[in-house]
Structures are given as C-alpha cells and as structure tokens.
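Here, residue 1 is the first one in the sequence, and each next residue gets the next number. All values below come from the heavy atoms of this structure, side chains included, with hydrogens, waters and symmetry mates left out.
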Amino acid sequence: MRTHLPSRKVIAVLTAALLATGVAACGNSDTGGSGSGDDGKITLGFSQVGAESGWRTANTTSIKEAATGAGIDLKFDDAQQKQENQIKAIRNFIQQKVDVIAFSPVVESGWDTVLKEAKDAKIPVILTDRSVDSADTSLYKTFLGSDFVKEGRLAGEWLVEQKKAAAGPVNIVELQGTTGSAPANDRKKGFGEAIAANPNLKIIASQSGDFTRAGGKQVMEQFLKANPKIDVLFAHNDDMGLGALEAITAAGKVPGKDITIITVDAVKDGMQALADGKFNFIAECSPLLGPQLMDLVKKVHNGEAVPARIETQETTFTQEQAKEALPNRKY
C-alpha cells in the first residue's frame with residue numbers, strides 16, 4: 001500500500017503554525033505572559049494616583065526615568081484619582097504576571113481583597129507615597145514615602161511660633177486633600193495637634209479641594225464669601241494653595257500679608273510663590289521616589305528583607321530659604 005507523504009507546502013504551513021504558537025507562548029506582560037519574559041528583566045506594574053498636581057507629575061517622571069535607568073520593564077497605569085481604576089489595574093498586573101506591583105493608593109481603605117489576590121499570586125506589593133489602613137500588613141512588603149503627620153505638625157508648629165503674640169482669635173481655613181487619602185488625613189491630624197498649643201488658633205472652615213489647583217480656587221472662593229475675617233490658610237498641597245491665591249487676589253486681599261498662607265510639597269511653582277512673598281511657609285514632601293523605589297523592587301524580587309517603612313528625608317522652607325533653594329530646584 002502506498003503511503004502519502006505531506007507535500008512541502010503543507011509542511012511549511014505546519015512549521016509556520018508551530019512557530020507562531022511558540023512565539024505566542026513566550027508572550028510579555030502586555031499580553032498576559034510571564035512578567036520577566038526571556039530577557040531577564042524585572043517587570044514592575046505601577047498604578048499612579050493620577051496627574052492632579054505638579055507634585056504628582058514630578059513623581060511620575062521620577063518613577064519612569066528611574067525604571068529606565070535601572071533596566072526595569074515598567075507597566076504604568078494612571079488611575080485618574082479613582083480607586084476602582086487602581087483595583088482594575090492591579091488585577092490586570094496580576095493577570096499579566098508581573099514580578100512586582102507598586103502603587104500610590106488613592107484612598108487608605110478598601111484594598112484588602114485585591115492585595116490578597118496579589119499575595120495569592122505570589123507577587124510582592126510595594127506602597128509608595130501613600131499608605132493603606134489594612135490590619136494585615138503581610139499584604140504588602142514595605143511602604144516608601146513621607147511622614148504626612150510630621151508635615152502637618154511642622155506647618156502647625158511654625159504657625160504657633162508666628163502667632164504666639166496674638167491677643168485675640170486667629171481664624172484659619174483649611175484646604176484638605178482628597179477625602180479619605182492618607183496625606184489629607186495625616187496632615188490634618190498633625191496640624192491640628194500642633195496648633196492645639198495655642199487656644200487662639202481656630203480652624204473655622206475645612207473642606208477638600210481634591211489636591212487640585214482648580215479645587216483650591218473654588219473652595220477658597222467659598223471660604224472668602226462665608227467668612228469675612230480669614231487670617232490664615234493651611235493648604236494640604238502647593239497646587240491648592242496656588243489656586244487659592246487667585247481667589248484671594250480677586251477678593252481684593254494681598255496673599256502672604258492679609259492672609260498668611262502655609263502649604264505642603266515645595267514644588268517649583270509653590271517655591272516661587274514663597275520666594276515672591278505670596279506664600280509664607282512650606283513643609284517639603286519630595287516626589288523624587290523613583291531611585292529608591294527601583295532599589296526596593298530589585299530587593300523584594302530577589303527575596304531580600306526590607307524595612308516595613310522607609311521614609312524620605314525632607315525639610316521646610318521660609319521665604320528667604322526658598323529664594324536660596326530655587327535655582328537648584330529639580331521639581
């Protein structure tokens with residue numbers, strides 16, 4: 001009986017199909033394949049809060065540049081300030097089998113379920129800039145960022161010193177950050193604890209401006225209409241303070257003189273306002289976390305022990321100090 005051998009054309013088609021299958025099986029983190037791939041690179045999935053401020057933009061730039069410099073394959077996601085977007089991004093990273101997940105949580109609560117999913121998938125998680133309030137600290141490896149309570153406390157202590165001779169009430173309005181976020185909660189706490197040292201210092205209005213310049217302007221307009229006497233503004237970040245400047249000026253008041261303005265961050269625009277005498281004091285919060293984050297990514301990927309909390313080194317600025325620091329400011 002004659003045996004029919006496949007033609008060269010059929011063999012070529014079968015070979016091409018097998019090759020295509022092989023290529024698809026290798027995959028990459030964008031298509032749901034193995035995070036590291038065959039190139040030996042560590043793949044990091046990073047979910048950013050958004051682009052709500054100059055600080056956040058500088059933070060994103062630092063992370064992207066540091067990843068490139070460290071030879072780390074970065075999968076970047078912008079959550080647009082929505083927790084549901086971050087949860088979706090983290091689940092996508094898990095499906096893509098990235099090596100490490102890092103994110104800056106929009107708010108503190110509501111992360112246990114998705115973090116448990118990452119833990120079950122054996123993907124280590126690093127918190128950056130903002131923390132979560134989970135009681136199970138095994139759900140993440142470490143936190144890298146600032147001490148927000150300290151930032152608020154430093155702002156409050158400066159104000160207490162400045163107003164120690166005040167004989168009557170000092171009316172303070174507060175522009176809070178995103179409701180439920182770690183920096184908003186902690187800066188409010190630290191500031192409140194510090195000003196308690198002087199009973200004349202009273203917060204007469206406090207509302208979220210969502211860390212945005214537009215939000216700061218809008219809420220400050222409301223504060224000015226509702227409160228004829230405002231002595232101090234404490235803004236949880238520079239951008240809200242910069243928005244408030246517009247509202248204060250439009251109301252016929254002189255920012256930095258008629259109203260003392262204290263902010264947090266020390267981004268370039270905020271530092272310029274401080275140097276120009278429109279702000280009075282800034283507690284620094286550095287966004288340049290990229291190099292430290294990439295170092296941590298490598299360590300947790302290799303199974304090395306890392307501290308549970310790593311704080312960035314920061315300072316404060318008066319008007320004169322801002323003038324000195326501005327020429328060399330990196331963000």
Between [X] (side chain) and [Y] (backbone), is there a donor-acceptor pair under 3.5 Å?
X: Gln86; Y: Asp77; answer: no
X: Asp78; Y: Gln80; answer: yes
X: Ser53; Y: Thr212; answer: no
X: Ser181; Y: Gly177; answer: no
X: Asn198; Y: Asn200; answer: yes
X: Ser131; Y: Leu127; answer: no
X: Asp238; Y: Val267; answer: yes
X: Gln81; Y: Val106; answer: no
X: Ser206; Y: Ile203; answer: no
X: Asp231; Y: Asn171; answer: yes

Non-hydrogen atoms of [X] and [Y] that approach each other most closely:
X: Pro183; Y: His236; answer: O-ND1, 4.3 Å
X: Ile94; Y: Ile123; answer: CA-CD1, 3.9 Å
X: Ala70; Y: Met294; answer: CB-CB, 3.9 Å
X: Arg56; Y: Gly50; answer: CG-O, 2.9 Å
X: Leu224; Y: Ala251; answer: CD1-CB, 3.9 Å
X: Ser62; Y: Leu289; answer: OG-N, 3.6 Å

Hey, does [Y] have a side-chain heavy atom less than 4.5 Å from the side chain of [X]?
X: Met220; Y: Lys217; value: no
X: Val264; Y: Arg187; value: yes
X: Glu65; Y: Thr61; value: yes
X: Ile204; Y: Phe223; value: no
X: Val132; Y: Ser109; value: no
X: Glu117; Y: Thr113; value: yes

Once rounded to the nearest 0.5 Å, what's the spacing between atom [atom1] of [X] and atom [atom2] of [Y]?
X: Lys141; Y: Glu304; atom1: NZ; atom2: CD; result: 12.0 Å
X: Ile172; Y: Ile262; atom1: CD1; atom2: CD1; result: 7.5 Å
X: Leu293; Y: Leu44; atom1: CG; atom2: CG; result: 6.0 Å
X: Arg153; Y: Glu157; atom1: CZ; atom2: CD; result: 6.0 Å
X: Asn302; Y: Asp99; atom1: CG; atom2: CG; result: 10.0 Å
X: Phe103; Y: Asp129; atom1: CZ; atom2: CG; result: 11.5 Å

Point to revise | All pairs passing salt bridge (charged side-chain N to carboxylate O under 4.0 Å, His left out) where residues 308-330 contributes a residue, at least two apart | key: Glu284-Arg329, Arg309-Glu311, Glu320-Lys323

Check your understanding: If you look only at pairs with a residue in residues 203-215, which of them pass as a salt bridge (charged side-chain N to carboxylate O under 4.0 Å, His left out), with sequence neighbours excluded?
Key -> Arg213-Asp239, Arg213-Asp269

Review point. Which residues pass the ring-ring contact (aromatic ring centres under 6.0 Å, His included) test with Phe191, sequence neighbours left out?
Key: Phe234

Point to revise | Partners passing ring-ring contact (aromatic ring centres under 6.0 Å, His included) against Trp55 (at least two apart in sequence or in another chain) | key: none

Do you reckon [X] sits in the same ILVMFWY cluster as [Y], going by side-chain contacts under 4.5 Å, direct or chained?
X: Leu326; Y: Leu274; result: yes
X: Ile230; Y: Leu159; result: no
X: Val173; Y: Phe211; result: yes
X: Ile282; Y: Val232; result: no
X: Ile261; Y: Met240; result: yes

Side-chain donor-acceptor pair under 3.5 Å between [X] and [Y], yes or no?
X: Asp112; Y: Ser134; value: yes
X: Gln176; Y: Gln207; value: no
X: Thr312; Y: Ser146; value: yes
X: Gln272; Y: Asp276; value: yes
X: Lys75; Y: Thr43; value: no
X: Gln321; Y: Thr318; value: yes
X: Asn59; Y: Gln48; value: yes

If you count heavy atoms of other groups shown closer than 6.0 angstrom to [atom1] of [X], is the number above 12?
X: Lys229; atom1: NZ; value: yes
X: Gln313; atom1: CD; value: no
X: Lys188; atom1: NZ; value: yes

Check your understanding: Under a 4.0 Å N-O cut-off, is there an ion pair linking Lys189 with Glu193?
Key -> yes

Point to revise | side-chain contact (heavy atoms from CB on, under 4.5 Å) evaluation trace for Leu115 with Val125 | key: CA-CA 8 Å; Leu115 291 180; Val125 174; 3.9 Å; yes

Exercise for review: Take Lys41 and Ile72, measure what side-chain contact (heavy atoms from CB on, under 4.5 Å) needs, and give me the verdict at the end.
Suggested key: CA-CA 6 Å; Lys41 275 190 174 184; Ile72 289 173; over 6 Å; no

Review point. After noting the C-alpha distance and the side-chain angles of Thr260 and Asn280, does the key distance pass the side-chain hydrogen bond (donor to acceptor under 3.5 Å, both in side chains) rule?
Key: CA-CA 6 Å; Thr260 298; Asn280 300 82; 4.6 Å; no

Check your understanding: Does anything in residues 119-177 pair up under ring pair (Phe, Tyr, Trp, His ring centres under 6.0 Å), and if so which pairs, sequence neighbours excluded?
Key -> Trp158-Phe281

Exercise for review: Verify side-chain contact (heavy atoms from CB on, under 4.5 Å) between Ile63 and Leu74, making sure each step is shown before the conclusion.
Suggested key: CA-CA 9 Å; Ile63 288 164; Leu74 176 66; 4.3 Å; yes

Point to revise | Test side-chain contact (heavy atoms from CB on, under 4.5 Å) applied to Val306 - qualifying residues, sequence neighbours left out | key: Thr142, Leu296, Lys299, Val300

Practice item. Measure from NZ or CZ of Lys268 to the centre of the six-membered ring of Tyr331 and say whether it is under 6.0 Å with the direction within 45° of the ring axis. Key: no

